Amino acid sequence: MTIASRWQKISEQIAHLANGCDITVIAVSKHQTTSSIKQAYAAGARHFGESYLQEAIDKIKQLQSVNDINWHFIGPLQSNKTRDIAAHFQWVQSVSRTKIAQRLNDQRAETLPALNVLLQVNISADPAKSGLKPAEINSLATTVMRLPRLKLRGIMCIPAKTDDQHQLTEDFKHMFNIYQQLQQQYSCVDTLSMGMSSDYLQAVANGANMVRIGSALFGPRKS
Ligand SMILES: *Cc1c(COP(=O)(O)O)cnc(C)c1O
């Protein structure tokens, strides 16, 4: 199967489940070539997700002439990455610390639109994963709302790997709950990012309006 035919299939499945709601598909292009990215773009993808900063910047520069791509940083965040992320990306999905939010705000150029931010939630309370505990979300949301160069758009999660479909559904439902509460507080909140190659249909069925799909679109990653 080609990238174009996989994109087509994924889009149709999601549209069928979404009941007229807009679902944004992030093509997760980490470890994929610019040639693969161009194929996904030609098929209709406009949002791309990257986890590794240097690799991402190289590809963003190569694709600079394609000016309607939205780049999402979805990988782990450290202080030494914030300057380049603020310069090259439209979205950051993995914010979970005040210090990182503050730096992204301070480093986002006035000439660029505010940087779209999702707060990463460790919804499965997985000790190996970063992200906020549900009880910590309000405090960081308040902070991000006060930072003028950041725009709070919502929350994202990476649930722990599990074969327990019931547990996964519970985690997605919990995220949707948190999302709805946040939306009631802040009218700028409009994005619930959850669901990957193995579970995107389940995520959409439980209220996701952004899914992040890598291998199901591009095929297996090389490394
Ligand atoms: C790699 C990655 C994805 C995509 O994973 P697939 O299983 O290949 O779809 C989604 N979200 C994050 C945060 C990732 O790191």
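Whatever order the structure lists ligands and atoms in, that order sets their numbers, starting from 1. Quick caveat, the model's predicted, so the values are computed rather than measured.
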In terms of residue, atom name and distance, what is the protein heavy atom nearest to [atom]?
| atom | answer |
| --- | --- |
| atom 6 (P) of ligand 1 | S197 OG, 3.4 Å |
| atom 12 (C) of ligand 1 | I74 CD1, 3.6 Å |
| atom 11 (N) of ligand 1 | R212 NE, 2.8 Å |
| atom 5 (O) of ligand 1 | M196 CE, 3.6 Å |

Intermediate values then yes/no, side chain to side chain donor-acceptor pair (under 3.5 Å), D106 and Q102: CA-CA 6 Å; D106 296 348; Q102 185 72 55; 3.2 Å; yes
Residue portion contacting ligand 1 (non-hydrogen atoms closer than 4.0 Å) for K30: side chain
Per-residue contact class, I158 against ligand 1 - non-hydrogen pairs under 4.0 Å: side chain
Closest heavy-atom pair and its distance - I213, L217: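 For I213 versus L217, the nearest heavy atoms are CG2-N, 4.0 Å.
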Shortest non-hydrogen separation from L152 to A141 and the atoms involved: CD2-CB, 4.0 Å
So if I count the atoms of ligand 1 from 1 in the order they appear, which ones are less than 4.0 Å from some heavy atom of [X]?
| X | value |
| --- | --- |
| G214 | 4 (C), 6 (P), 8 (O), 9 (O) |
| S215 | 6 (P), 7 (O), 8 (O), 9 (O) |
| S51 | 15 (O) |
| I213 | 9 (O) |

Aromatic ring pairing F48/F218, orientation class (parallel under 30°, perpendicular over 60°, tilted between): tilted
Mutual orientation of the aromatic rings belonging to F89 and F73 [parallel < 30°, tilted 30-60°, perpendicular > 60°]: perpendicular
S198 N/O to ligand 1 N/O under 3.5 Å: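 For ligand 1, there is no N or O atom that lies under 3.5 Å from one belonging to S198.
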Option among Q120, H72, R153 that satisfies the side-chain hydrogen bond (donor to acceptor under 3.5 Å, both in side chains) test with Q93: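 Only one of Q120, H72, R153 forms a side-chain hydrogen bond (donor to acceptor under 3.5 Å, both in side chains) with Q93, namely H72.
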V66 side chain near D68 side chain, heavy-atom distance below 4.5 Å: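 Answer yes - side chains close enough.
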Pairwise side-chain contact, M156 with M194, heavy-atom cut-off 4.5 Å (strictly under): no
A216 heavy atom under 4.0 Å from ligand 1: no
